[in-house]
Amino acid sequence: MKLTVIGCGYLGATHAACMAELGHEVLGMDSDMDKVAILNSGKAPFHERDLDVMLARHTAAGRLRFTASYAEGAAFADLHFIGVGTPQLPGEHAYDLSHLFTAVRRLAPWLKNPAVITVKSTVPVGTAPRVRDLLHEFAPAGDALEVAWNPEFLRESFAIEDTLRPDRLVLGFESEHSWAEAVLRQCFAKIIEAGTPTIVTDWATAELAKASANAFLATKISFINAVAEVCEASGADVTTLADILGHDVRIGRRGMRPGLGFGGGCLPKDIRGFMARAGELGVDQALTILREVDAINNRRRERMVDLARAQLNGTFQGKRITIWGAAFKPDTDDVRDSPALAVAHRLHELGALVTVTDPQALDNARKQHPELDYADDPVAAVENADLLLHLTEWPQFSHIDPYRLAARTPTPKVVDGRGTLNAKVWRDAGWTVRALGRP
Ligand code: UGA
């Protein structure tokens, strides 16, 4: 099939490459000309495991290319995916849907034939009819256009795996037996034939599928982090506790790693956007739980600052702190709402001399936080540090030999914000070790 993918960020670029992998002819569209040029050269403009290889393969084969032209996109295919960003509105909890509606408005005038417009962006429930109305009003093809909703559940750093082998495929349509369903079933045939549970539903349920999945994932993380607070007050170990809870199959250990909490471009803004939409619908009480989920998550960052202060005899003034981690999680260069950088920034505000190191995210971190110092080498970065904070659990960090590292600083002290350093080995190597939620 021929199809376009509008918006080539973490979601769209991955989707475009994976659709080419499924054998389709794909045209990716993005208004950022620099991004289009990078993608056309077969490279990803961000770090995502295996994406470069896939982009290089399919751009070289001519099955995948990128453009900034909506006219070209509309002429190329009758199936269009939209994966533009829907960030949080500045100063509000609600989503900024301007990129989505702009994309729809710019595409619409070129749509002269029947087509399926499939939205993957995360939105508040009730957005699909607004997209349909815009298309029907501004496209020459009018009501010959069908809108489908196909929420995306991919995780950054597992984006390709999650796209090609998803846990489930959700397809939302305005009415039963729509033409769009046949088109999308053909598009995803290989995924469906591989046995992926495929749920066909209405627009609102499909929209809510994404909002509620992310709300649940955030709640699970904040639940174990709330328990971590109790562990800290009582001398228990939250990691062992999470293992114990996780053996109950109804609870499950996955997605319940205690630590510095969640960040990124999705979970934080999605719980806030979900609350905002519930408020608009008059059911805000239904989601007050998410306010607490957000508050617990933010308290983890404060707790990390408190633990660091305690290690430095109560003051940050002039203290040298090295932070391992800038990305919001390992194996990505994404620093949106990164817990590690939030802590780094706070410590800088409090007078510490903060040096941050990360295997992939330093360029993005520098742009967002020019006030901090950065270092490429996590071992050299510890030279003469008063304190080391482990805030993003890159495997590279837990593989560093703490004996070798201890020689670099006269005061080997570490606070583990992710619980993945082997505390016993670090202590044996001469480090004073503290960790969130652990004695
Ligand atoms: C999340 C969801 O997991 C995806 O299913 C969803 O499609 C995506 O948002 C999205 O809306 O696009 P992602 O933001 O890539 O994916 O990252 P996660 O792996 O879920 O991690 C989110 C944050 O939670 C990270 O900061 C991570 O360190 C933290 N986390 C995750 C924990 O603190 N504990 C955990 O057990 C899991």
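When a ligand or atom number is given, it counts from 1 through the structure's own listing order.
Within the 4.0 Å heavy-atom cutoff, Cys266 counts among the residues contacting ligand 1. At a 4.0 Å cut-off, not a single heavy atom of Arg254 sits close enough to ligand 1 to count as contact. The closest approach between any non-hydrogen atom of Arg418 and ligand 1 is below 4.0 Å. Distances from ligand 1 to the non-hydrogen atoms of Gly259 include no value under 4.0 Å.
Contact annotation: for Leu154 versus ligand 1, heavy atoms closer than 4.0 Å belong to the backbone alone. By the criterion of a heavy-atom distance under 4.0 Å, the backbone of Glu152, and not its side chain, is placed next to ligand 1.
With Tyr374 contributing its side chain and Asp363 its backbone, the two residues share no donor-acceptor pair below 3.5 Å.
Under 3.5 Å, the side chains of His47 and Asp331 contain a donor-acceptor pair of N or O atoms. Remark: the Thr205 side chain and the Asp202 side chain contain an N/O donor-acceptor pair separated by less than 3.5 Å. No donor-acceptor contact under 3.5 angstrom links the side chains of Gln88 and His93, judged on distance only.
Every N/O-N/O distance between Gly264 and ligand 1 stays at or above 3.5 Å. Polar contact check, Arg155 against ligand 1: no nitrogen or oxygen pair lies under 3.5 Å apart. Any N or O atom pair closer than 3.5 Å counts here, and Arg257 shares at least one such pair with ligand 1. In terms of polar-atom proximity, defined here as any N/O pair under 3.5 Å, Pro339 makes no such contact with ligand 1. Not a single N or O atom of Ile221, backbone or side chain, sits closer than 3.5 Å to an N or O atom of ligand 1. At least one N/O-N/O distance between Lys210 and ligand 1 falls below 3.5 Å.
Using bins of under 30°, 30° to 60° and over 60° for the plane-to-plane angle, the ring pair Phe397/Trp324 lands in the parallel bin.
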